Every structure is written in C-alpha cells, then in structure tokens.
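Written out below as structure tokens is the structure these notes cover.
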Amino acid sequence: MKLALVYTCLKVNDICSATQFLRDILGFEEDKFNLDVFDGGLVFTNGEHHKIVLVECAEEVQNPTILLLTNDCIRDYHSLLDKGIRFTKTPDYTDNGLIAEFLDPFGNCYCLLEERNYKLN
Amino acid sequence: MRIYKELINKNTITSGTLNRVSATVDEQNYSFKIIFSGHQDFLIGNREIRLYPDSFILLAPGTKYLSRVDSDEPIKTLSISLTQTFVSDFLESNYMNSNCLTAYKNAEAQLPIQTIYPFKGDMWFNIMNLQTQLHKDQNNEQLVNEYLSHVLINYYRLYHEEVQVKFGNLNFARNSTKKEIFGRLMLAKEYISNNYNQKFKIEDVASASCLSATHLMRTFKLAYGLSAYEYLTLVRLSRAQALLKEGKYSINEIVMLVGFESVSSFISLFKSSFSHTPLKYKKLIHQKTA
C-alpha cells in the first residue's frame, strides 16, 4: 500500500479574509476542484502536489502549525516582511535547514522551511 | 557575465571570471573570496594561500596582498566586501542572538581571522541563493543586506568551529605560546591545502610552519583531533567532491587530480565520508541541479 498526503485542512471563522491571505500574501490560487469530503471547503494550490483546504467554522479554532517549503527562506522571509507579515521567529538554522515562523491574521502559525541536504553540500 | 553591485552602505559584491591576472590590493574592508572552478593564489607577506572551490578566504581590513590567477581557462569568482561599520553593526545586532552564535559569543579568545574556511553547509547554500538573486538583477538592497548578514552568521559559526574550538584544544599554560603555536598550525594546514595533490613529507610541512616534525605531529593532533596525514586525506576528498560537482571529470581523472594512488581506496574513503559512492554522489548532485 502506498498512500499520499495531499490536503491540509485549515479551519477558519472568516473564510473571505483567509482566502485573501492565502491568495494575496502567500500567492496560492483557488482550485476550481471541490471536495465533497469538506462541505463548502475551498481548495488552494500553488502548483505543487500538496493543497490547502479552507473550511469555515463558527468558532475560533487553533489549527496545527502549517509547514511551507521554500527554496530560499531569506528571500521569502523578506518578501513576506514587505507585505506586513509579523514573524515570530526570524530565519535561523536547524539540522533540517533554514527555518522562520510567522502568524496569519487569525493567529495560525506557519513555518517557512528551506530544507538543506548537508550531506551533499 | 560580470556583475558589480555597490550598495548604499558601501558593501560591494563582484561576480565574474578571471584568467591570467595578477593584482596587488590594499584591502580596506572585510572581504570574502570565493571561486567556483580552478584555483586562485593569494600572497599575503610571506604567506601563500591557494584558494580552491571547496574553501573561501576572509581578508581583514588593512591587509596588503597579491592576487594571482595563472590559468588560461577563466575561473568563476565571487568577492563580497563588507565595510567595517556593517560588520560592527552586525556584531551589536539581534542577529547575534541566532541559535548558532551562542557558542561564538561565549568564547573568550580573539584570534586571527585570515585563513581558509570550508565553503560548505549553510555558507554554501546562502551564497548560492545570493548568486541567484544577483543574476536576476533585482535591485532590492534590503534583501541583499539580509543575505550579507546571514553570510556573517555563517562565517562567525565557522570561525568558532574552525578557530576558537581548535585553539581551545591546545593545552599550553601561557596564552602567548598557545597563540604562537596556533598561528604556526594554521600555516601547516595551509601548506597541506596548497600542496594536497603533490607528494610531500611531514618534514616539508614542519619546515613551512617553523615547527619540528615531532612538535607539529603532536600539536596538530591536539588542536584538530586528527593527524596531518588524516587532514590531507580530508582535503583530497573535499577537492574530489568539488570536482564531482563541477561534473567535468571522470572518477579516474579525479583520483589522479587529487593525488590518490588507487581508485578503490578513493571510493571506499569517499563513501565513508559522504555516505555515497563518488558516482552516486555525482548523479545525486546533477539530479538536484537539473
């Protein structure tokens, strides 16, 4: 059996603002494909295999940290700073690579990771 | 393509190619010198440092040196020059709270900075990303300064690992003796690095570093945790790794170029150091960059 993880579900109580954040700040595009599994959910993609599903819910929900991969953490950190994003952790070095953390306007935590294979370089 | 970028804060970055050139320079800033193929010589007083693509040099303000490229084939170079103000502002800044600089800040001894450092790990990744941005020709000074601050983070971490820790391993009672011996060991390392593909004896390294052979062997092992011969093997493997990345040479040619005597011992040493055989490593690198 070979299973693949494709969707990350993000519960928000203001789907319009969350859509704006994903589209205008993070550069995701809305996928016209709808998922019956998440009634009323909006699917967002940035051309990669993995997708985000926004699901509206009545109350405030604390979502788990969302991990975004990048090929240049410093460039994207700088670009998000320019867009007014507040970083809770500036780019710093870990065994997996360069990592920075920021919050969206609803308090969800995003992790920006540039994976680095130190064995090859 | 030559790229020259001077920022408002007077930091400069020059990327281009050099062949058959010799120039005397009176360095005013902190200058990182990196090459991506071939080799470049730096003569600082009586000291000669040969730079290869697996290493970089940091030159301090006030250094007078002769830079020389002997080859007809152009070599790709990158020079990053940081003003003394930029470096001192960095040392006062929040960047110093980065998780990898705690050890550097806690070390007491201020030691010479001018030597060869491995061009690997985070320094390599950040410089490659900086190069990509420079070639996009986007005039975003703040972003470039962000990269430059990270180059300093990477440098100070390397300085801690390569200089402060090794210096601390020497067990001489007097600090002045310790500094003197450490300076000579740096010369020994540079001699090995410059002549890695030649046949030489431990006496040659001892003579270049003004130490007796016995004293050199004992103190080298004490500081670096490995013998001079083991260090030579590491240098040869690292040069082989850089040549594999370049992708121009066959494994057999690389074995000869870096001074190994047998292909089989090279393959097994390479695998034990980098977890992959040379051929598999070459394929992985080229898959990544394709």
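Source: prediction; values computed, not measured.
- Under 3.5 Å, the side chains of R75(A) and N140(B) contain no donor-acceptor pair of N or O atoms.
- Interatomic distance, CG of L120(A) versus CZ of F274(B), reported as 10.5 Å (0.5 Å rounding).
- Crowding of K283(B) atom NZ: a count of heavy atoms from other residues, nucleotides or ligands under 6.0 Å not exceeding 12.
- Ranked by heavy-atom pairs under 4.5 Å with chain A, the list M128(B), Q142(B), H276(B) is led by Q142(B).
- Atom NZ of K10(B) is surrounded by 12 or fewer heavy atoms from other residues, nucleotides or ligands within 6.0 Å.
- Between N121(A) and F125(B), the shortest heavy-atom distance links the atoms ND2-CZ, 3.8 Å.
- With Y93(A) contributing its side chain and D122(B) its backbone, the two residues share no donor-acceptor pair below 3.5 Å.
- Heavy atoms from other residues, nucleotides or ligands lying under 6.0 Å from CG of D39(A) number 12 at most.
- Proximity to chain A (any heavy atom under 4.5 Å) is shown, for L130(B), by neither the backbone nor the side chain.
- Highest contact tally toward chain A, considering only I153(B), N154(B), D54(B), N97(B), is held by N154(B) [criterion: heavy-atom pairs under 4.5 Å].
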I74(A) vs L143(B), test: side chain to side chain contact (heavy atoms under 4.5 Å, CB included). Steps then yes/no.
CA-CA 8 Å; I74(A) 295 173; L143(B) 174 59; 4.2 Å; yes
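- With a 6.0 Å radius and a threshold of 12 heavy atoms from other residues, nucleotides or ligands, K89(A) has its NZ atom above the threshold.
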Go through the steps to decide whether Y118(A) and K120(B) satisfy the test side chain to side chain contact (heavy atoms under 4.5 Å, CB included), and finish with yes or no.
CA-CA 8 Å; Y118(A) 295 113; K120(B) 284 185 178 170; over 6 Å; no
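- Environment of CD in E60(A): sparse, with no more than 12 heavy atoms of neighbouring residues, nucleotides or ligands closer than 6.0 Å.
- Proximity to chain A (any heavy atom under 4.5 Å) is restricted, for Q241(B), to the side chain, taken from C-beta onward.
- Side chain to side chain, N129(B) and E114(A) meet the donor-acceptor criterion of an N or O pair below 3.5 Å.
- Centroid-to-centroid, the aromatic rings of H78(A) and Y147(B) stay 6.0 Å apart or farther.
- With a 6.0 Å radius and a threshold of 12 heavy atoms from other residues, nucleotides or ligands, N94(B) has its CG atom at or below the threshold.
- Between H150(B) and D92(A), the closest side-chain pair of non-hydrogen atoms is not below 4.5 Å.
- When heavy atoms are compared at a cutoff of 4.5 Å, S275(B) approaches chain A solely by way of its side chain, counted from C-beta outward.
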What's the verdict on side chain to side chain contact (heavy atoms under 4.5 Å, CB included) for N126(B) and R116(A), showing C-alpha distance, side-chain angles and the deciding distance?
CA-CA 11 Å; N126(B) 287 338; R116(A) 293 179 169 185; 2.6 Å; yes
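- With a 4.5 Å cut-off on non-hydrogen atoms, L81(A) does not touch chain B at all.
- Annotation: E246(B), atom CD; neighbour count of heavy atoms from other residues, nucleotides and ligands within 6.0 Å is above 12.
- Remark: K11(A) NZ is loosely packed, at most 12 non-hydrogen atoms of other residues, nucleotides or ligands lying under 6.0 Å away.
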